[in-house]
Structure formats: C-alpha cells, structure tokens
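All figures in this text were calculated on a predicted structure; none of them were measured in a lab. When reading the values below, keep in mind they use all heavy atoms of this one structure, side chains included, and skip hydrogens, waters and symmetry mates.
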Amino acid sequence: MQLRRHKDIIAFKTGTNSLPVAFHARNLEVAQVSEETWASMAPTTFDNGFVMNMESYEAGVDASALEALESWNQEHNQEARTSSLKFGIRSLTLNVTQICNLHCTYCAAGGDGTYGDPIARISVEKTLPQIQYFMNKLKKGETFHITFLGGEPLLYPEAIKLIADYVNIIAAEKNLRSDFNVITNATLVNDKNIELLASIKSSITVSIDGPAETHDLARPQKNGEGSAKATIAGLKKILSRKNDLGRILLHAVFSRQNLEVEKAYRFFCEFNADAYEFTFDVTESDFEANRKFMSEMTRVAEIAYARGGEAELRKITLFDGYFRALDQQIRTENYCGTGKSLLSLDSNNKLYSCPLEVGKKNELLGEAQDLNMAALEKLQSPLIEKNNCQSCWARHLCGGGCLFVHKSLTGDKHKKHVSFCERTRYLISLTLSYYERSRG
C-alpha cells in the first residue's frame, strides 16, 4: 500500500481501488481522488505521524489539485463531533477469581491467571455495595456494563449469578439498563453454567487461537496437555444455546509464536459466532512479526469481503469499530475508557484503571467506595493530548492508543512505540479502502 499526505488529509493506493482513496482526519470524510491530486501530495510511510505536504513549486505538483487539497483541508464538517468522555463509571471488569486451569504462554495476568495473588473467590458481600456505589451515580436510561474475568471466571460461576442478579435489581429500581459479558477459555462450560449465563442473557467471549495445532501451543493446561478439545466442546455447547445468550465472540491473540491469522479466521468461520477479535500480543514489539500480522489481516479482510461483503468484514471487531465511527461521524479522543468510564475490580475488591494493571501497587486507585480522586483526575485528559498524537492523521480513529501497550513496549504509558503506530495506521488505511468500496 502506497501512502501520501497533505496536512490533515491522507491518501493511499491499493490493488483493490481504481483511484487513490483519501481520508480527511479531522472531518472523518472518505473519498476517491484524482491522480493529479495524488501526485500533489507528499509521500509518507505508516511509521511517520508527522504532518507533511508538498509546495506548489515542487516537481509533479498540479496547481489546481493542490489548491483543491488545501481548500478541503481547511473545511469544517459540521456533522462530525468529538466523543469526549466525562468521568462517570459505567463499566466494570470484575475478577471473580484469580486462579486459572490453563497456563497460556502470553498470559497478562501474571503468567498463570493470578496477577501475582492467587485468590480463589471474590467476596460477593463486599462487591455488591461497591457496584451499587457506581450505579447510584448513573442517570436514568444509562447502561451499566460488567465484564466477568478471571483467572477463569467459570471456576466461580455462582459469583457471576449473584452479582448479575443484584445488578438487575438495582437497574430496575433506578430505570437503568444492565449488560454482562463473560470472558472464558470455555473448557469448564457445562449445562449448568450455560443455564446460569442464559438466565442473565450474558454475552460470552471465548478465548481460542485457532485450530487445535495452533491453539494448544499457546494455551496448554497446567499439566502441559492441550486445551483445544475442551475449548471447542465448550464453544459448541455455548453456540447450541445461542438464542438464549447475548453476543458470542471468538477472541484470538497473535505474536511471533503464532501469526496464522488467516488460518484462525477460516477456522472461526466453521462456527456460528457473532464476531471475531484478532489481537496482536500487547507485549510483542518484533517488527517482522508486526508486519506479518498486518499482511495476514490484509488477507483476512480480502477473504471476508469476498465471502459476504461489508457484513462479513464487520464480523471482525476491528473493522466494525472503524466503520461505526465513520458512519456516525464520531471523533475518538480516547482509545478506551480506562479511569474515565471504566474501572477494574480485583478479587481483593481493590480498584484499578485497567484490567491489565490489576495487582500493581502503583496503579491502585482505591478500595470499596474510597477512591483516590487525585489519581483519577490525572486520567481524565484526552489520550490524544496526553500521548502527543495531535499531528497523526489516524488520531481520531485510534484515540491515542492503549496505555498498557505503550508502557509494556516503552516503559511510559504516554510514549508510543513505533510498531503500535505503524500497525494501527495500516489497519485503519485497510479499513478505509473497504469503507470506500462499500459506500462508494
């Protein structure tokens, strides 16, 4: 893919588009442009986030095309608006247990699901008042989201049921909506657990990295044996009750040890799931692995679009998120709601800004209803500003990037690693090419 830029306008050429496609970063507008316009823009690369533009006297520049580019660059799209997150906790991730029956090679929870503190069961008695504290601050009609995590949350399904039932009672009293999701390796799924999850209409995210020969390399049991057989059996049980549950999502993680995204996608297509999520390992910085992942995602997008056009492509969450932002004309200032709309509660009933930061003393934000408001205040600025993304053309679709990825790769939450930015810009460009094909 070739790339050129004029200030806040990026343009790219792919083998799937007859003319270059341009994107106005601030206005969230996508359009084909002429070859003369393309030639009047400055060549750039995916690892370059600096503003670039050509001057009228430079070779190859078309004066009228450059003038039109500058006119478009200065335009204001009145339809586009910025999604600013004001402080108000509407989502909790909740570790109902901090033990796991697997030992995944890339586990971000201390390597064994414990976050360095193996706790078999959260105290439901302590948890319910904490949840009510946050729900009491919501306005009528708002939705309160809980994602149940572990370890492996189905080691303590009773807590899921008790907490969800309580949330539903409070929601009914206060005219709120509730939403639940369970992230599981699916190896412990049985009829009783499915009935429990169906009773709260929970969505389910199944962690599965592809067919057995791939999955078992990254997700062994603690005895070293593979977990794929049990995971697939659990997934099939979940899908057999699909109509009684919320959204079913299949989530795979890729790193230099496994970059077979296409194989995973083709395998996922064998199941009747609602969505697929393909994540690059948050601690992986290898440039060749990064670019191989980008190449694999290009191939997956091609296959998905050929299979079912926009609808099939958007079963992949990354593409769906960018399509929605473009359709709704919403500029994103924050990659996620960490510390703004989202907090994480561990099995000790301690609060953190991010589920990947659980157990780290310097990331502790409080316990029970005792929040460290000074620490929370530091998290309220838009990430685009804090991460110095103002010159990046992808800023309003990326939202400044993941703080945990930044810290893992650079040691600083607000210092970006070039591999993350390169991958994100490339995948956004890939999405834009399909958006133009779909919308014309």
In Asp346, Leu345, Leu149, Thr147, the residue satisfying side-chain contact (heavy atoms from CB on, under 4.5 Å) with Leu94 is Leu345

Asn73 versus Asp8, closest heavy-atom pair with distance: OD1-N, 2.9 Å

Interatomic distance, Leu403 atom CG to Leu379 atom CG [nearest 0.5 angstrom]: 8.0 Å

Flag, side chain of Lys416 to backbone of Gly400, donor-acceptor distance under 3.5 Å: no

Is the backbone N or O of Glu262 less than 3.5 Å from a side-chain atom of Glu296, with the two atoms forming a donor-acceptor pair by type? yes

Nearest heavy atoms of Ala301 and Leu430, plus distance in Å: CB-CD2, 4.1 Å

For the pair Lys386 (side chain) and Lys378 (backbone), establish whether a donor and an acceptor sit closer than 3.5 Å, ignoring hydrogens and angles. yes

Side chain to side chain contact (heavy atoms under 4.5 Å, CB included) for Lys236 and Phe271? Distances and angles first, verdict last. CA-CA 8 Å; Lys236 289 180 177 178; Phe271 302 95; 4.3 Å; yes

I want to check something: taking the side chain as every heavy atom from C-beta on, are Ser429 and Phe23 in contact at a cut-off of under 4.5 Å? no

Check this for me, if you would: do Arg299 and Glu302 make a salt bridge, where the nitrogen-to-carboxylate-oxygen distance has to be below 4.0 angstrom? yes

Find the distance between CZ (Arg395) and CD (Glu333) and round it off to the nearest 0.5 Å. 10.5 Å

Under 4.0 Å between a Lys/Arg side-chain N and an Asp/Glu carboxylate O for Glu357 and Lys360? yes

Heavy atoms of Tyr322 and Leu397 approach each other most closely as CE2-O, 3.5 Å

Quick one, Tyr106 with Thr283, criterion side chain to side chain contact (heavy atoms under 4.5 Å, CB included). Give me CA distance, side-chain angles, the key distance, then yes/no. CA-CA 8 Å; Tyr106 47 71; Thr283 62; 5.9 Å; no

Side-chain contact, heavy-atom cut-off 4.5 Å: Phe148 with Ser202? no

Has Glu79 got more than 12 heavy atoms of other residues, nucleotides or ligands less than 6.0 Å from its CD? no

Carboxylate-amine/guanidinium contact Lys413 Glu363, below 4.0 Å: yes

Within the distance-only criterion (no hydrogens, no angle test), does the side chain of Ser240 pair as donor or acceptor with the backbone N or O of Lys237 below 3.5 angstrom? yes

With side chains defined as the heavy atoms from C-beta onward, is the minimum distance between Ile194 and Asp244 less than 4.5 Å? no

Would Asp112 and Lys222 pass as an ion pair if we require N to O under 4.0 Å? no

So which atom in Phe180 and which in Ile200 form the shortest heavy-atom distance, rounded to 0.1 Å? CD1-O, 3.6 Å

Between the side chains of Glu35 and Lys13, is the shortest nitrogen-to-carboxylate-oxygen separation below 4.0 Å, so that they form an ion pair? yes

Under a plain distance cut-off of 3.5 Å, with no hydrogens placed, do Asn101 and Thr187 share a side-chain donor-acceptor pair? yes

Side-chain (Arg256) to main-chain (Ala289) donor-acceptor, under 3.5 angstrom: no

Under a 4.0 Å N-O cut-off, is there an ion pair linking Asp320 with Arg247? no

Of all heavy-atom pairs between Leu188 and Asn193, which one has the smallest distance, and what is that distance? O-ND2, 2.9 Å

Heavy-atom pair with the smallest gap, counting every atom of Gly399 and Leu383: O-CB, 3.5 Å

For the pair Arg90 (side chain) and Gly88 (backbone), establish whether a donor and an acceptor sit closer than 3.5 Å, ignoring hydrogens and angles. yes

Evaluate the ring planes of Phe420 and Tyr335, with Trp represented by its six-membered ring, and classify them as parallel (under 30°), tilted (30 to 60°) or perpendicular (over 60°). perpendicular

Just checking, any donor-acceptor pair under 3.5 angstrom between side chains of Ser347 and Tyr115? no

Between Val405 and Phe280, does a side chain to side chain contact (heavy atoms under 4.5 Å, CB included) hold up when you go through it step by step? CA-CA 10 Å; Val405 170; Phe280 194 68; over 6 Å; no

Test item: His24 side-chain N/O and Trp72 main-chain N/O as donor-acceptor pair under 3.5 Å: yes

If we ignore hydrogens and angles and just use 3.5 Å, is the side chain of Thr214 paired with the main-chain N or O of Asp209 as donor and acceptor? no

Does Glu288 pair with Lys292 as a salt bridge, N-O distance under 4.0 Å? no

Side chains of Glu152 and Thr184: is there a donor and an acceptor less than 3.5 Å apart? yes

Could you give me the CA-CA distance, side-chain angles and deciding distance for Ile131 and Phe144, then say whether side chain to side chain contact (heavy atoms under 4.5 Å, CB included) is met? CA-CA 10 Å; Ile131 290 173; Phe144 190 69; 3.8 Å; yes

Ignoring hydrogens and geometry beyond distance, is a side-chain donor-acceptor pair present between Ser40 and His6 at under 3.5 Å? no

Does the Glu142 side chain pair with the main chain of Lys139, one donor and one acceptor, at a distance under 3.5 Å? yes

I want to check a possible cation-pi pair here: Arg121 against Tyr156, using under 6.0 Å from ring centre and within 45° of the ring axis as the test. yes

Is the backbone of Gly151 close enough, under 3.5 Å, to the side chain of Thr97 for a donor and an acceptor to pair up by distance? no

Are Phe268 and Phe278 close enough that their ring centers fall under 6.0 Å? yes

Roughly how far apart are Thr93 OG1 and Leu351 CG, rounded to 0.5 Å? 9.5 Å

State, yes or no, whether a side-chain contact exists between Lys161 and Asp165 at a heavy-atom distance under 4.5 Å. yes

How long is the straight-line distance from OG of Ser419 back to CG of Asp47, given to the nearest 0.5 Å? 10.5 Å

Going by heavy atoms in the side chains, are Phe267 and Ile232 under 4.5 Å from each other? yes

For a salt bridge (Lys or Arg N to Asp or Glu O under 4.0 Å) check, start with the C-alpha distance between Lys263 and Glu213, then their side-chain angles and the critical distance, and finish with the verdict. CA-CA 11 Å; Lys263 180 189 274 190; Glu213 64 269 21; 3.6 Å; yes

With a cut-off of 6.0 Å (strictly less than), are more than 12 heavy atoms of other residues, nucleotides or ligands near NZ of Lys201? yes

Approximate separation, where rounding is to 0.5 Å, of Asn181 CG and Leu197 CG: 10.0 Å

So, do Thr317 and Tyr276 sit near enough that their side-chain heavy atoms are less than 4.5 Å apart? no

Is any NZ, NE, NH1 or NH2 atom of the basic residue among Glu284 and Arg423 found under 4.0 Å from an Asp or Glu carboxylate oxygen of the other? no

Under a 4.5 Å cut-off applied to non-hydrogen side-chain atoms, are Thr44 and Trp393 in contact? no

Spacing of His396 atom NE2 and Gln329 atom CD [to the nearest 0.5 Å]: 12.0 Å

Lys/Arg-Asp/Glu bridge criterion (N-O < 4.0 Å) met for Arg241, Asp191: no

Side chain to side chain, Asn272 and Ile248, heavy atoms closer than 4.5 Å: no

